[in-house]
Colleague: 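Handing you a structure now.
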Amino acid sequence: MANQIEKVSIIISRGSLEGVYPGLIMANGARMEGIEATLFFTFFGLDAIMKKRVNKLKVATIGNPAMHMPSLLGVLPGMSAMATWMMKKQMDKIDIPPVDEFLEMIKDAGAHLYACKATVDMFGLTMDDFVPQVDEIINVGKFYELSAGAQIIFT
Amino acid sequence: MPVREIAGVQVDFDAEGFMTNPDQWNEEIAKVLAAEEGISQLTEGHWQVIHFIREDYKEKGQAPTIRRMNKVGNIATKDLYEWFPKGPAKKAARIAGLGKPQGCV
């Protein structure tokens, strides 16, 4: 079929739970449709692939008008934890796995995962800091090379 | 609604080629639908998937997600993608005589 999307490159640049999930869902969804998928984690998005942080991502409760509550309440202790708990519970109900399990599923589905070199250098990280699903640390040039013929999606 | 005769059975399909009545399904029909999806030979692994998703459908009323196939059906995601390349959930559902999966994962 002409005009069908055959390849996507998805950039995950944020480290909040609601910042990470959309990119993961889109990458997994791409593989489910037989579309090639590459994930590129940059800046705070790296939290999603760091062993220490992958399962500690939180929903941001301040500076987010869609939370439908005054930002002043969002700063109260426990607010973010509660919003995070609620989102995780809802996710599980519709069979969306926790982030570490989701990365495993996406990798098993044949997608490739990369960490952004500039951020890795900035934070002083190495491959040892990342979950085993990460293929490689690559620079922007390599990202574009790998994305040849792909639709690039920034999240 | 298109109706096709496969292996001597009148089979109802929707516009996208998914069967609309799972009760019309049998293994001969599965073989024909698999061939249409580019799977010339259904192996033991394929049958394991097909039987699991039919069972799960009977219980839940919808085709299972890939995660559920893994957690409940004990089917490795890697195998699933290998056995049903380019769209495992959709292909497996179609071959198993079920409707198109509606979930996002």
Side-chain angles (χ1 to χ4, degrees), chain A residues 1-8 10 12 17-18 20-39 48 54-55 87-113 131-133 135 149-150 153 155, chain B residues 14-18 33-40 45-46 48-50 52-53 55-96 98-105:
Chain A
M1 260 186 287
N3 292 328
Q4 220 178 1
I5 294 176
E6 283 177 4
K7 188 172 169 183
V8 291
I10 299 168
I12 295 183
L17 200 59
E18 79 278 15
V20 166
Y21 264 122
L24 297 183
I25 293 170
M26 293 190 72
N28 183 63
R31 291 302 305 133
M32 283 174 69
E33 293 299 317
I35 297 168
E36 265 186 73
T38 298
L39 275 164
V54 58
N55 280 333
M87 186 179 279
K88 282 184 174 169
K89 201 177 75 169
Q90 292 306 115
M91 289 285 200
D92 192 61
K93 239 187 233 173
I94 54 172
D95 225 12
I96 295 179
V99 176
D100 63 339
E101 191 194 322
F102 212 176
L103 293 173
E104 205 182 313
M105 191 168 137
I106 290 167
K107 178 76 176 185
D108 285 349
H112 295 287
L113 282 69
V131 296
Q133 286 79 30
D135 287 271
I153 302 166
T155 69
Chain B
D14 68 13
E16 290 182 287
F18 288 83
L33 296 178
E36 290 175 6
E37 295 292 342
I39 299 167
S40 53
H46 290 109
Q48 185 196 345
V49 175
I50 293 166
F52 171 72
I53 64 177
E55 284 302 309
D56 201 58
Y57 174 86
K58 268 185 217 156
E59 199 183 309
K60 297 274 171 189
Q62 59 180 19
T65 61
I66 289 177
R67 186 187 188 205
R68 201 172 152 78
M69 288 189 223
N70 182 238
K71 296 264 156 194
V72 184
N74 230 344
I75 298 154
T77 303
K78 265 186 195 166
D79 289 340
L80 194 65
Y81 276 87
E82 198 187 309
W83 295 333
F84 301 90
K86 295 216 158 211
K90 256 181 9 188
K91 278 192 185 176
R94 182 164 181 269
I95 294 166
L98 306 178
K100 188 176 176 179
Q102 297 301 320
C104 276
V105 287

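Chain A is the first sequence line, chain B the second, and so forth, proteins listed ahead of strands; every chain is numbered from 1. All values reported here derive from a predicted model rather than from experimental measurement. Hydrogens, waters and symmetry mates play no part in the numbers below; they use all other heavy atoms, side chains included.
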Colleague: Under a 4.5 Å heavy-atom cut-off, does chain A meet the side chain of B:K91, its backbone, both or neither?
Modeller: neither
Colleague: How close do B:R67 and A:P98 get, counting heavy atoms only, and between which atoms?
Modeller: NH2-CD, 3.6 Å
Colleague: Return the CE to CG distance between A:M105 and B:N70, rounded to the nearest 0.5 Å.
Modeller: 8.0 Å
Colleague: Less than 4.5 Å to any heavy atom of chain B: does that hold for the side chain of A:E104, its backbone, both, or neither?
Modeller: neither
Colleague: With a 6.0 Å cut-off (strictly less than), is the heavy-atom count around CD of B:Q62, excluding the residue itself, greater than 12?
Modeller: no
Colleague: Using non-hydrogen atoms and a 4.5 Å limit, figure out which bit of A:I35 sits close to chain B: side chain, backbone, both or neither.
Modeller: neither
Colleague: How close do A:N28 and B:V105 get, heavy atom to heavy atom, and via which atoms?
Modeller: ND2-CA, 3.9 Å
Colleague: Please indicate whether A:M87 has more than 12 foreign heavy atoms, meaning atoms of other residues, nucleotides or ligands, lying under 6.0 Å from its CE.
Modeller: yes
Colleague: Restricting to non-hydrogen atoms, name the atom on A:M32 and the atom on B:A89 that form the minimum distance, rounded to 0.1 Å.
Modeller: CE-CB, 4.0 Å
